[in-house]
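In this text, all values refer to a predicted model and were calculated from it rather than measured experimentally. First the proteins, then the strands, lettered A, B, ... as listed; each starts at 1.
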Amino acid sequence: MELNPRFRFETFVVGASNRLAATAAQTVAASPGSAYNPLFFYAKSGLGKTHLIQAIGHGVVERQPSLRVRYLTLEEFVEQYHAAVAAAQSDAFRRSAEETDVLLIDDVQFLAKHRELQAELLRLSEALQAAERQLVLTSDRPPPEIQDLDERLISRLSGGLLVDMAAPDFETRLAILRRKASERGMAFASGVLETVAEISASNVRELVGLVNRLVAFQAVSDTPLTPLGARALLTGEVPESSAGVATAPAAPLSAETRDEFSAFLSAVSRTVAQSLDAWRSQVGEAVMRWRGEGYRTTRLEQLLQHEGTPEVEGALAAFAADIEELRRLETQVAELDAAAAGHARFRDPDRLDEARTFTARLLEGTAPPPAPSAALTFDDYIEGAANEAVVRAARLVAREPGRRYNPLYIAGPSGVGKTHLLHAVGNALAAAQPATVVACLSAQAFVEELVAAIDGENVDRWRRRYRRADALLVDDVQLVAGKERTQEELFNLFNALADAEKQLVFTADRPPAQLKDVAPRLITRFEGGLVVELVAPDRTMREKMVRRLLESQAVAAEDDVVQYLAARPADSARAVQGLVNRALSAMDSGDSELTARTARTAIEGRVSRPSQAQAISSPIPSGLDPTLSSREKIVWDWPDAGVRLIEELR
Amino acid sequence: MSLVNFTTREITCKIVYYGPGRSGKTTNLQYIYGQVPDDRRGRMVSLATQTDRTLFFDFLPLDLGSISGFTTKFQLYTVPGQVYYNATRKLVLQGADGVVFVADSQLRQLDENLESLQNLHVNVLEHGMDIRTLPMVVQFNKQDLPRELILSPGEMDDALNFRGLPTFPADALHGAGVFETLKAISAEVLRKLSEGAATARRG
């Protein structure tokens, strides 16, 4: 059955008697299937059930035109069902009913006459609820009062939201009258509609009937209708001057005085509504709204019980702000632990502090993964013909993470600058977007963290810590060889991050294909991106390195020194550094300036060879970083064979 | 006394009919009592002497039913008019939300009216209330008496109503003006709700 275009929310007059019903209807129209399911309205005839249920239909169609909305009265439902059964199409009928997104059934009180249909409706309501489809029903009485209704159906229908709608109060009656009069394009003298509204009508249809009579009378009458005339017309009372009572006290008692008490009541109602309803309905609507969204509204309900008039706007704003914060916290928590997000503490603004503490603790427990070292950036990285292609790939990756080469696999022997490049990419990624979480660590550290996590039984949290990362950079990945559990974790992490288009960068001392004791599934994934190889620095690069190293030590060096040092054979950046350091240490010990000669002597000659005692007591020349040992340095440190022999003899 | 109780969802208004002896306060209440449907009125308590003078006070509870979801109850009180019952008057006045001053329109009662009005001011002050903010209306009763015996509403207004309160001519015996007075004081009392709200916001 088609929806009546006049029955919309905009044309539904909301008053105290039906506010709950109207709000519930709007909530359901805004989010069918999730708020109140099933929604059950009950009210006496003529109070707007059909209007409201069809308004839900219109509301849903307007918001989500793709949803299938079906409105029918119970009688139609019965007819269709019987026709389907007669045509042996009952399955098709069921299917079509179950596939309706919003099913609106009017006047279900007639279920009493159709017992066979009760089972059908029970099944249908279960199916709809299971599929999160909305069911809305109306009746002239609540489910338990419908005769001969199956107990299960009663509990099913009462399981959502039961709302009753009462007869309209004075203000609502007046609003309805005004709306109906304006719909009919009729203007009445002031006071006429107020008088009509004071005549208590038990339902809206009666009111509409009254307006129709007024409209008909006004249409044939020359003089505009007066309030008293209207009352006489509608109630048959003879109009008498009631205004005379106050001005002429001696006037005899008139029929009007009989109704003095009702008039007094109306006057009081109006005043109370004016002074009370404004803020109460504001709070009430907020309560309905937040409840509909699943938040606890104890604080607002307490506000309603406040004596006197509380400061409403501020309280509502504070409440909304608290909910906003709860949502934010919940989103944060959901990223780390989806199960914890659904907790009631995120649904009650009065437990905001608790939610804050909980979130803080959770975040603390999952500190961000290790970040790249800030000292190693692209600025310090020395580029040359030998590593140009690799650096370009790294820069591209840093500029467009996750989209260009994923993963980027940098292979190369020790000391050629893989780690520096890796950290440089990490720093560039972190600098591009402030909130980016870059995990940058060596495979060894990765293994150790996993072992610690297994030991502390918080592997889940450890995993989440890395899943949060926007980029994962692992140095010396060849070290996962033989560590099956690490490989498995790395494999899963790889997949999770790669699926989310997060950048992955690995370095190793050899290309993927040559990795030993590494699962093939990891190797193929490493090979799936871009594999680049860093080689030993060429002469121009060595020259640049020497210059930079000397500059960093604030040593002014002659060009021939630089040329000499750059010309020395060195297969890695570290080797170059070792050369420079030795030249520098020679300069320090001799207190002389750094010349090509001192450098040569320091590296090749034995002129400034240290004494034997010195060689034994300090095998590493001062000023050298002990961790930076290169082959040439080791040769230099090697004591004389004679000294060594004597040492061993002792 | 709380005017609106959100816990019990009740509005309770205490309205006190004040005025000199024999001005018609009890008559006002009796007329109201007669107009209220049985289910809406409580038992009218009247402690009167043998000559029908109010000895202690009259009490008429009115149940106005549910208004905007609030059970609304009006409690109408009268005070004994005679000068020597001031302690009772003070007691009854305690916690009043509004006062109807019933003045006797008879020319010879003018002094009594003034004296009672002054007494009202004193008693209100002693309760720590502010007469300027206490909702109040004035009723000029007995306007049905022969013209030569009474002051007209205009003259009464000049004589008594120096604060510019709403005034109502009345004939309480026959009911004229009784409900107008009650309506007016109810409106004044209830309007104080919204004023209270405004003060709360400012505060």
So with a 6.0 Å cut-off around [atom1] of [X], is the heavy-atom count from everything else above 12?
{"X": "A:R296", "atom1": "CZ", "value": "no"}
{"X": "B:R163", "atom1": "CZ", "value": "yes"}
{"X": "B:R147", "atom1": "CZ", "value": "yes"}

> Is the shortest heavy-atom distance from the side chain of B:E180 to the side chain of A:F264 under 4.5 Å?
Replying inline: no

>> Looking at every heavy atom in both A:E260 and B:G175, which two are closest together, and how far apart are they?
In response: OE2-O, 4.2 Å

>> As a quick check of understanding, evaluate side-chain contact (heavy atoms from CB on, under 4.5 Å) for A:F261 and B:L182, giving each step before the final call.
In response: CA-CA 10 Å; A:F261 185 72; B:L182 181 59; over 6 Å; no

